[in-house]
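Please read these numbers as outputs of a predicted model, since none were measured by experiment. Any value given below was found using the heavy atoms of this structure, including those in side chains, with hydrogens, waters and symmetry copies removed.
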Amino acid sequence: MARYSSMEQRTGPRYLASLMVRAEWDDPDAGHIVAEGTTENVGPEGALIHLQDRLPDVGSRVQLAVYGEEEGEEQKLRVVTEVLRLERNPG
């Protein structure tokens, strides 16, 4: 049986944090997309974010708005970021 190994490519620490986010990007086929989700972990060099329906392509520029942990909490941070990796969860 084949054995697969992957090397951790993240730099810097990651902290478990479940924050609400809104992601916006332009898709050549579907136009302007707005998706909401939550973070799994965050750090000074990146974040792992779960979005429910649509996902941007790797390399896409995404406007990301980060809110607090409670629903309806005001916006804490707004950044433009780049998608480095996708993990599709069929479940």
Side-chain angles (χ1 to χ4, degrees):
M1 177 159 56
R3 185 173 182 174
Y4 298 98
S5 65
S6 64
M7 219 165 87
E8 182 64 47
Q9 296 179 354
R10 296 180 190 155
T11 58
R14 289 290 178 107
Y15 304 97
L16 294 178
S18 180
L19 303 169
M20 298 179 73
V21 297
R22 172 177 278 150
E24 298 183 38
W25 68 94
D26 292 321
D27 183 285
D29 299 324
H32 188 73
I33 307 291
V34 177
E36 294 185 348
T38 57
T39 62
E40 180 176 315
N41 60 57
V42 297
E45 300 295 325
L48 175 57
I49 297 171
H50 295 282
L51 299 175
Q52 292 300 316
D53 299 321
R54 299 187 62 98
L55 299 175
D57 294 329
V58 171
S60 297
R61 295 280 180 185
V62 176
Q63 293 181 38
L64 190 65
V66 181
Y67 297 84
E69 296 178 20
E70 302 296 323
E71 190 170 333
E73 197 167 329
E74 67 182 40
Q75 181 176 303
K76 303 287 186 185
L77 175 69
R78 187 167 191 86
V79 296
V80 175
T81 187
E82 181 180 349
V83 177
L84 298 180
R85 184 178 78 219
L86 293 178
E87 292 183 10
R88 297 189 189 274
N89 182 357

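- Note on V79 and L51: same hydrophobic cluster, where clusters join Ile, Leu, Val, Met, Phe, Trp and Tyr whose side-chain heavy atoms are under 4.5 Å apart, directly or indirectly.
- The shortest heavy-atom contact between R14 and G43 is CD-N, 4.0 Å.
- The CD atom of Q63 sits 8.0 Å away from atom CG of D26, with the distance rounded to the nearest 0.5 Å.
- Note: the hydrophobic cluster containing V58 does not contain V80 (ILVMFWY, side chain heavy atoms under 4.5 Å, direct or indirect links).
- Cluster annotation: V62 and L86 are assigned to the same hydrophobic cluster (Ile/Leu/Val/Met/Phe/Trp/Tyr, side-chain heavy-atom contacts under 4.5 Å, transitive).
- Criterion: ILVMFWY side-chain heavy atoms under 4.5 Å apart, direct or through other members. Under it, V66 and L84 are not part of a common hydrophobic cluster.
- Atom NE2 in H50 sits 8.0 Å away from atom CD in E87 (nearest 0.5 Å).
- Distance CG/L55 to CH2/W25: 6.5 Å, rounded to 0.5 Å.
- Connectivity analysis of hydrophobic side chains (ILVMFWY, heavy atoms under 4.5 Å, direct or indirect) links V42 to nothing; its cluster partners are none.
- Annotation: side chain of Q52 is not in contact with side chain of E36 (no heavy-atom distance under 4.5 Å).
- In terms of hydrophobic clustering, with Ile, Leu, Val, Met, Phe, Trp and Tyr side chains grouped at heavy-atom distances under 4.5 Å, V21 and I33 are assigned to a common cluster.
- When side chains are defined from C-beta on, S60 does not count as touching D27, because their heavy atoms never get closer than 4.5 Å.
- What you find for Y67 and R22 is that their closest heavy atoms are OH-NH1, 4.0 Å.
- P13 approaches P44 most closely through the heavy-atom pair O-CD, 3.5 Å.
- Shown here for A30 and R54, the closest heavy-atom pair between the two residues is CB-NH2, 3.5 Å.
- Ion pairing between a basic and an acidic side chain is recognised when a charged N comes within 4.0 Å of a carboxylate O; R78 and E24 show such pairing.
- In this structure a side-chain-to-backbone donor-acceptor pair under 3.5 Å is present from T39 to L19.
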